[in-house]
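Report on one structure; see the data block that follows.
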4 protein chains.
Amino acid sequence: MTQSSHAASGKVTKLNRVERNAWTKRRLFDAATKIVGKYGYAEASVARITEEAGVAQGTFYNHFENRQELLDQLLPKIGIDMVHFIRERTGTADAARQEIERFSAFFDFIREVPEFLRILNEAEYFAPVGYQKHLDNIATAYVRILKRARTAGAIVDFSDEEFEAIVHMFMGARGYLSRRYSYTGGAVTAAPDHVISAYRKLVTRGLFTPDKGNGNDR
Amino acid sequence: MTQSSHAASGKVTKLNRVERNAWTKRRLFDAATKIVGKYGYAEASVARITEEAGVAQGTFYNHFENRQELLDQLLPKIGIDMVHFIRERTGTADAARQEIERFSAFFDFIREVPEFLRILNEAEYFAPVGYQKHLDNIATAYVRILKRARTAGAIVDFSDEEFEAIVHMFMGARGYLSRRYSYTGGAVTAAPDHVISAYRKLVTRGLFTPDKGNGNDR
Amino acid sequence: MTQSSHAASGKVTKLNRVERNAWTKRRLFDAATKIVGKYGYAEASVARITEEAGVAQGTFYNHFENRQELLDQLLPKIGIDMVHFIRERTGTADAARQEIERFSAFFDFIREVPEFLRILNEAEYFAPVGYQKHLDNIATAYVRILKRARTAGAIVDFSDEEFEAIVHMFMGARGYLSRRYSYTGGAVTAAPDHVISAYRKLVTRGLFTPDKGNGNDR
Amino acid sequence: MTQSSHAASGKVTKLNRVERNAWTKRRLFDAATKIVGKYGYAEASVARITEEAGVAQGTFYNHFENRQELLDQLLPKIGIDMVHFIRERTGTADAARQEIERFSAFFDFIREVPEFLRILNEAEYFAPVGYQKHLDNIATAYVRILKRARTAGAIVDFSDEEFEAIVHMFMGARGYLSRRYSYTGGAVTAAPDHVISAYRKLVTRGLFTPDKGNGNDR
DNA sequence: TATGAATGAGGCTTCATTCAT
DNA sequence: GATGAATGAAGCCTCATTCAT
């Protein structure tokens with residue numbers, strides 16, 4: 001296995017130098033994700049990460065300048081995966097419904113990548129560069145969505161600045177809810193219905209305008 | 001000076017054994033608060049804490065079984081201070097307005113105890129026992145408040161379970177907003193008006209019933 | 001032995017805390033002297049030094065801020081010993097003879113402290129702070145001696161600046177000679193007669209004025 | 001460009017296998033000289049040397065058995081350059097004057113190859129094989145010069161053994177003087193006049209016989 | 001109870017060398 | 001011959017905890 005990998009076709013392929021290099025780096029990334037998700041940044045020692053990746057400690061420094069460099073890349077990388085994941089699961093319904101879909105998709109993503117929450121939550125202090133990058137990514141995209149909804153008339157009476165505040169509320173809410181409701185025992189579970197419904201009520205009434213055509217939530 | 005303290009009256013007082021004991025423990029607490037707030041749990045070494053407290057490292061272990069024991073007590077202790085602080089600043093207006101007051105008071109508390117946010121945020125992973133305790137404290141009290149509002153007719157159409165979800169959303173929103181808006185440079189600043197107004201709109205429309213008497217937010 | 005030491009009187013003495021502290025620091029010093037003398041600064045790892053001293057690695061950092069701090073103190077400390085050693089062995093004969101005595105005494109000192117040469121020689125690069133300190137110590141004292149000789153008429157025709165240059169020549173000469181002639185096999189030996197006589201001729205003729213009373217070297 | 005070099009004629013020349021081989025080895029030599037001169041042997045890692053040389057780390061081991069082998073060759077190689085350099089700058093005046101010329105030329109060489117001093121000084125411990133080789137080279141040649149002067153009557157009263165001692169004094173003196181006076185800030189400067197004059201007085205009076213024909217230094 | 005030196009495990013990083021391409 | 005990723009030993013330093021005074 002050290003010299004080969006299973007290509008998409010299922011065939012075992014010899015890797016050339018460049019591929020092998022990328023493969024090792026990828027293993028380190030994946031290992032770090034697993035370790036940070038499980039033990040937190042502070043306990044994510046290079047020794048642990050390399051052991052998980054199945055390479056020598058020295059190998060780490062062929063791929064990253066230092067420990068921090070990897071840690072700083074962790075969140076933005078997964079963050080992008082998250083955005084894609086959610087976008088794919090957002091339909092073409094009215095704006096309020098789409099927001100609920102995004103909310104649900106977030107919880108689905110956490111089930112896919114259970115490490116995400118811890119990585120996100122600790123990043124502010126242990127990977128501040130990556131944290132800021134991630135937050136800007138998300139906030140920018142999210143605010144754009146809200147502005148479009150306003151243009152379409154689905155939201156009124158909120159300024160751009162208020163949108164930014166709203167977006168942070170939404171992100172914070174997701175974080176706390178998922179930490180509270182996503183874990184049962186060691187396993188990661190789906191968000192309960194009453195969480196979805198509470199969010200739906202709060203957001204559709206609080207942010208969006210009643211839309212007779214689509215029917216609001218009441 | 002190590003054997004005495006300035007009482008409120010301004011007199012220098014000799015402390016007896018019990019008082020001196022409590023005094024040292026208190027110093028360790030305060031030092032830990034400062035250090036964890038500034039450097040995070042992971043960097044809050046016993047050496048740093050005792051240095052900040054002005055006692056020898058060995059002294060630490062006369063007051064706490066080990067490092068973790070102190071860390072676990074940190075958040076619940078400050079959390080109680082926070083509850084008192086907010087309660088004192090909540091008036092007798094209608095339920096929706098009280099919620100806004102609580103929201104504002106939270107930001108005021110952060111300015112009083114700037115270490116709080118970091119202690120709270122990291123505690124989930126570094127002081128899980130204390131974290132759970134704190135969260136239960138807050139959630140229980142908060143849900144009780146919402147139930148009372150429902151009884152009074154200020155909220156309709158939300159179940160108890162949904163209240164719990166709502167409370168987590170609120171707590172998460174506070175956390176993200178304060179991290180985003182409370183710090184400018186190194187200093188801790190008040191929450192901007194548009195943050196307050198965005199919260200007011202979302203919450204009064206989303207959670208509370210329009211109250212003709214008091215006038216809703218529009 | 002870890003709890004006691006042989007006092008000058010020969011009695012075994014319990015050490016109090018302060019004494020024990022000083023004793024450990026002294027052991028680290030002595031160990032470092034031995035190790036640097038034998039393996040050079042670059043190979044003088046903290047592990048080696050503490051092993052030689054019979055303490056744990058961590059103990060090192062209770063006594064020195066870091067490895068460099070000890071290394072920087074090494075040369076000046078031994079340098080002072082050297083100055084005392086040589087001074088004690090310098091008689092009251094005429095200036096030229098005193099210079100020869102100092103020269104010989106230098107070689108005697110090296111036999112006493114065989115580590116000195118290597119410590120001195122490498123210090124320029126591995127302990128620059130200590131090196132500069134040592135050089136200034138020696139040069140200042142040496143120039144003062146030459147000035148006195150000039151005042152006494154034993155030297156003429158040399159300026160202060162030239163004295164400084166002369167002193168550096170002398171120090172350099174000692175270093176090279178000792179490295180060439182002091183070691184035979186692993187043992188440290190006395191300077192051969194022809195080295196002494198060559199120095200005597202060069203210096204008495206080259207620096208000092210012929211003194212009929214004392215008879216010059218021819 | 002890696003496959004060719006600018007010949008003296010100005011034409012770009014394809015190198016054959018042997019030339020290319022020598023060229024790479026030469027680059028490693030030059031890089032090592034620069035690195036050791038700047039950082040010392042201990043910091044002259046293979047990584048640093050190969051980076052400076054612009055080749056891969058592995059390439060190093062195609063040209064040298066190991067790191068030490070290159071280090072041991074460094075000093076003798078430059079030492080030979082030095083001998084040539086000094087010989088070219090020594091005229092046909094009387095013996096005493098020639099000695100002063102050699103002395104001055106040494107300082108000029110250091111300005112040409114500022115790395116030399118550090119390489120020389122550390123070599124004793126980090127490249128002992130090369131160091132001994134170098135010292136023998138120099139001492140032998142130097143003693144031969146002094147013997148010739150004695151044959152010519154410019155020196156009397158010194159035995160062969162004493163010559164050897166004198167030569168070591170001279171070498172040591174040069175080393176210390178150059179370290180003290182050749183560096184100002186980061187730049188390498190010429191030896192001050194008073195250093196030259198002090199050396200001239202000491203040596204012409206101390207070693208050479210007054211020569212009426214050529215005039216001694218007084 | 002207070003002290004602070006001693007401990008040794010463990011963390012990050014650098015390094016010389018090897019080897020498959 | 002050239003490359004550069006992989007290796008694992010070793011270096012410096014920090015840390016939580018213990019214990020004699």
Side-chain angles (χ1 to χ4, degrees), chain A residues 2-3 14-18 20-25 42-50 54-68, chain B residues 2-3 17-18 20-21 24-25 42-51 54-68, chain C residues 2-3 14-18 20-25 42-50 54-68, chain D residues 2-3 17-18 20-21 24-25 42-51 54-68:
Chain A
T2 36
Q3 294 295 332
K14 282 273 178 192
L15 298 175
N16 66 23
R17 250 180 29 185
V18 172
R20 182 166 164 71
N21 193 10
W23 182 71
T24 304
K25 189 164 186 173
E43 304 285 320
S45 66
V46 173
R48 256 187 179 156
I49 293 171
T50 50
V55 300
Q57 267 197 72
T59 299
F60 186 95
Y61 294 90
N62 290 330
H63 298 273
F64 301 95
E65 196 70 39
N66 51 41
R67 176 176 171 270
Q68 193 61 46
Chain B
T2 37
Q3 294 293 335
R17 205 200 294 253
V18 173
R20 177 163 168 65
N21 197 349
T24 303
K25 191 163 184 170
E43 304 281 318
S45 65
V46 174
R48 254 185 179 156
I49 293 171
T50 51
E51 193 197 17
V55 302
Q57 275 196 63
T59 302
F60 186 95
Y61 293 88
N62 291 328
H63 297 274
F64 302 94
E65 194 67 38
N66 52 38
R67 178 175 170 269
Q68 193 59 45
Chain C
T2 35
Q3 294 296 327
K14 282 271 180 195
L15 298 176
N16 66 24
R17 249 181 27 187
V18 173
R20 182 168 163 69
N21 194 10
W23 182 71
T24 303
K25 187 165 186 170
E43 303 287 318
S45 65
V46 173
R48 257 187 178 155
I49 293 171
T50 49
V55 300
Q57 268 197 69
T59 301
F60 186 95
Y61 295 90
N62 290 330
H63 298 274
F64 301 96
E65 196 70 38
N66 51 41
R67 177 178 171 267
Q68 194 60 44
Chain D
T2 39
Q3 295 292 335
R17 205 199 293 251
V18 173
R20 175 161 170 66
N21 197 352
T24 303
K25 190 164 185 171
E43 304 281 319
S45 64
V46 173
R48 256 187 178 156
I49 293 172
T50 50
E51 192 197 15
V55 301
Q57 275 195 65
T59 301
F60 186 95
Y61 292 88
N62 290 329
H63 296 274
F64 302 96
E65 193 67 36
N66 53 37
R67 178 176 171 267
Q68 193 61 44

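Just so we're on the same page: letters track the sequence lines, and every chain starts at 1.
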| Contacts of D/Ala47 that satisfy side-chain contact (heavy atoms from CB on, under 4.5 Å) - sequence neighbours left out | D/Ser45, D/Gln57

| said: Is there a side-chain contact between D/His63 and the phosphate of F/dA2, meaning an N or O under 4.0 Å from OP1 or OP2? | reply: yes

| field | Set of side-chain hydrogen bond (donor to acceptor under 3.5 Å, both in side chains) partners for C/Asn21, sequence neighbours left out | value | C/His63

| request: For B/Ala56, check side-chain contact (heavy atoms from CB on, under 4.5 Å) against everything at least two apart and list the hits. | output: B/Thr59

| request: Round to the nearest Å and state the distance from A/Asn16 atom CG to F/dT3 atom P. | output: 18 Å

| remark: A/Ile49 CD1 to E/dG11 P, in whole Å, measures 11 Å

| request: For E/dT3, take OP1 and OP2 only and decide whether either is under 4.0 Å from a side-chain N or O of B/Thr59. | output: yes

| remark: In terms of heavy-atom contacts, D/Tyr61 and D/Val46 come closest through OH-CG2, 3.7 Å

| task | Give DNA chain F the dot-bracket treatment, 5' to 3': Watson-Crick (N1-N3 with N6-O4 or O6-N4) or G-U (N1-O2, O6-N3) under 3.5 Å, [ ] crossing, | other strand. | result | .||||||||||||||||||||

| query | Do C/Asn62 and E/dA6 share a donor-acceptor pair, side chain to base, under 3.5 Å? | reply | yes

| query | Shortest non-hydrogen contact from D/Ile49 to D/Phe60? | reply | CG2-CE1, 4.5 Å

| task | For each nucleotide in nucleotides 13-18 of chain F, reading 5' to 3', give B when a protein heavy atom comes within less than 4.0 Å of its base, S when such contact involves only the sugar-phosphate, and - otherwise. | result | BBSSBB

| Which residues share a salt bridge (Lys or Arg N to Asp or Glu O under 4.0 Å) with A/Arg48, sequence neighbours left out | A/Glu43

| note | Of B/Ala56 and C/Gly54, the one whose closest nucleotide on DNA chain E sits nearer the 5' end is B/Ala56

| task | Let me know the distance between CD of D/Glu51 and P of F/dA2, rounded to the nearest Å. | result | 18 Å

| note | In whole angstroms, the gap separating C1' of E/dT1 from NZ of B/Lys25 amounts to 14 Å

| query | Counting just side-chain N and O atoms, does C/Thr24 come under 4.0 Å of either OP1 or OP2 of E/dA6? | reply | yes

| message | F/dG1, OP1 or OP2 - any side-chain N/O from D/Asn21 closer than 4.0 Å? | response | no

| query | Is there a donor and acceptor pair closer than 3.5 Å between the side chain of B/Arg20 and the base of E/dT1? | reply | no

